[in-house]
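Every value quoted in this text rests on a predicted model; they were computed, and no experiment measured them. Atoms within a ligand are numbered from 1 in the order they appear, just like the ligands themselves.
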Amino acid sequence: MKLTPEEQDMLAGKYGRSTKKAMEILTTLGDIFDAEGMVDVLSVQIAGVSYANLGEAGLEFLNEMAEDGKVKVLTTLNPAGMDRENWKVLGIDKEFAKNQNRVIDTFAKMGIITTCSCTPYLIGNTPHFGQHLAWAESSAVCYSNSVIGAKTNREGGPSALASALTGKTPLYGYHLDENRHGQVLVNVKAQINGTDEFGVLGKIIGDKLGELEKKIPYIKGVSSATVEELKSFCASVATYGGTALFHMEGITPEYNSYPIPRDFFFDIEPADIKKTRAELIDTDIEIDFVSLGCPHASIHEIAQISKLLEGKKVKKEFWITTARPTKKIADEAGYSKIIEEAGAKFAADTCCVVAPIKGRFKGIMVDSAKACYYGRAKNKFKVKIGTIEECVEEAIK
Ligand code: F3S
């Protein structure tokens, strides 16, 4: 790899031990992927923040890097294993809370902003078209590449941290225009509405792309989509298909920048939507947990939930998972008061997937196809997908 004099100095240890280690990680990665050199990144988003994922070994690595490491660019975190303020109310045990705080404090020592969210683009870690990033959370990577038109590979925990400490990432993969063209044409012949249905669409496309081993769909036939619907779609297509980039005709910024793929294509009919939605509803489910905000809820979604809950009481455990800055806006707007008076709980900084709640509930209802996947696979819950309205209905019935 060709390195600039500054990058060579980083590798030689002139900027300290952690920067040297970080540059070693990045040059190794660059050599594996035949990168010609490095590119400067605008921002970083680090995943693998939950103590449940990191354990003591992961924390030891972080502590080593924090000895003299300081971030060079804006860096935020993915959701942690608990709400940093409200963890007791959410039933998180004291020992876990202590360890989770050790992790967050170590990130803070390196100058990382300890906002823990999978929707950094909604809360200030907001790139623009064409800018290079080093992000790790799969749904956010997909959103930044596809909806914003920024450029990032899906980073692992160590490579994202290495980019944070150097401000660099190897120039390969989705950083290069030649790797960003559509590979499969998808004709959507059904009307798609709502976060739940966009999640269902993401599962259909993701499942199919997995079979074809091609990852970049060019999607025709979706007439409009909100930010919330797109974030749900991104989470789902990334979960089921490993997709980090798509083009949606008339909606995403690069849709007409590359030739439309012709060799591989498939159609999605209304019957496919119905069938796949049914796959996300387990039989004999007994719902004792409702969770909204996967990916983390926007202020629009929180406003909608507060309107639906006004004057009502929930009868089941009901979490709204979001970023803390969004929760603060909800506090100021009066939405939080309505939601909390109804008995629902905010779970900021965390979510129903990364919190250590395996086996604690029998059945979960969500509006997110991604949460269905991990609800089953990780937490061993039965799952049911529904609209936001149906989820609130279930919580109060
Ligand atoms: Fe975010 Fe958790 Fe869903 S990290 S995308 S809310 S599984």
Side-chain angles (χ1 to χ4, degrees), residues 45-54 76-84 90 92 100 103-104 114-123 125 135-147 154-157 160 195-196 198-200 202-203 206 227-244 280 289-298 301-302 305 318-327 345-358 361 364-381 383 385 388 391:
Q45 192 250 5
I46 294 177
V49 176
S50 174
Y51 178 75
N53 296 334
L54 278 169
T76 57
L77 299 174
N78 214 32
M82 64 178 198
D83 184 311
R84 294 194 77 197
L90 299 173
I92 304 298
Q100 184 63 74
V103 172
I104 307 268
T114 54
T115 295
C116 304
S117 179
C118 51
T119 57
Y121 47 85
L122 295 181
I123 50 152
N125 188 350
W135 285 16
E137 154 60 29
S138 64
S139 66
V141 165
C142 188
Y143 191 97
S144 61
N145 274 322
S146 316
V147 181
R154 186 183 175 193
E155 301 298 338
T195 46
D196 57 321
F198 270 82
V200 169
K203 172 167 163 46
V227 163
E228 289 74 17
E229 288 167 338
L230 288 166
K231 78 176 164 69
S232 178
F233 177 77
C234 287
S236 180
V237 78
T239 297
Y240 292 94
T243 298
L280 295 174
F289 184 29
V290 177
S291 185
L292 292 173
C294 172
H296 269 174
S298 69
E301 287 171 309
I302 294 175
I305 296 164
F318 185 2
W319 289 11
I320 293 123
T321 59
T322 192
R324 187 158 301 282
T326 312
K327 161 77 168 51
K345 296 170 186 169
F346 277 95
D349 320 311
T350 188
C351 79
C352 66
V353 170
V354 295
I357 53 171
K358 183 176 174 182
F361 302 101
I364 185 171
M365 186 159 179
V366 289
D367 69 331
S368 157
K370 175 173 179 175
C372 287
Y373 179 89
Y374 286 105
R376 281 173 178 154
K378 179 172 177 282
N379 284 333
K380 310 295 169 205
F381 303 151
V383 303
I385 196 164
I388 289 189
C391 289

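Around atom 1 (Fe) of ligand 1, the protein N, O or S atoms found under 2.8 Å comprise C118 SG.
Pairs engaging residues 347-356 under the salt bridge (charged side-chain N to carboxylate O under 4.0 Å, His left out) rule: R324-D349 [sequence neighbours left out].
Here T119 pairs with S117, Y121, L122, K231, P295, H296 under the side chain to side chain contact (heavy atoms under 4.5 Å, CB included) rule; sequence neighbours left out. Annotation: side chain to side chain contact (heavy atoms under 4.5 Å, CB included) contacts of A347 (sequence neighbours excluded): L90, W319, T321, T350.
Across all their heavy atoms, P356 and I92 have their closest contact at CD-CD1, 3.8 Å.
If you check the side chains of E228 and T195, you find no donor sitting under 3.5 Å from an acceptor.
In this structure, K358 places its NZ atom where only 12 or fewer heavy-atom neighbours from other residues, nucleotides or ligands lie under 6.0 Å away.
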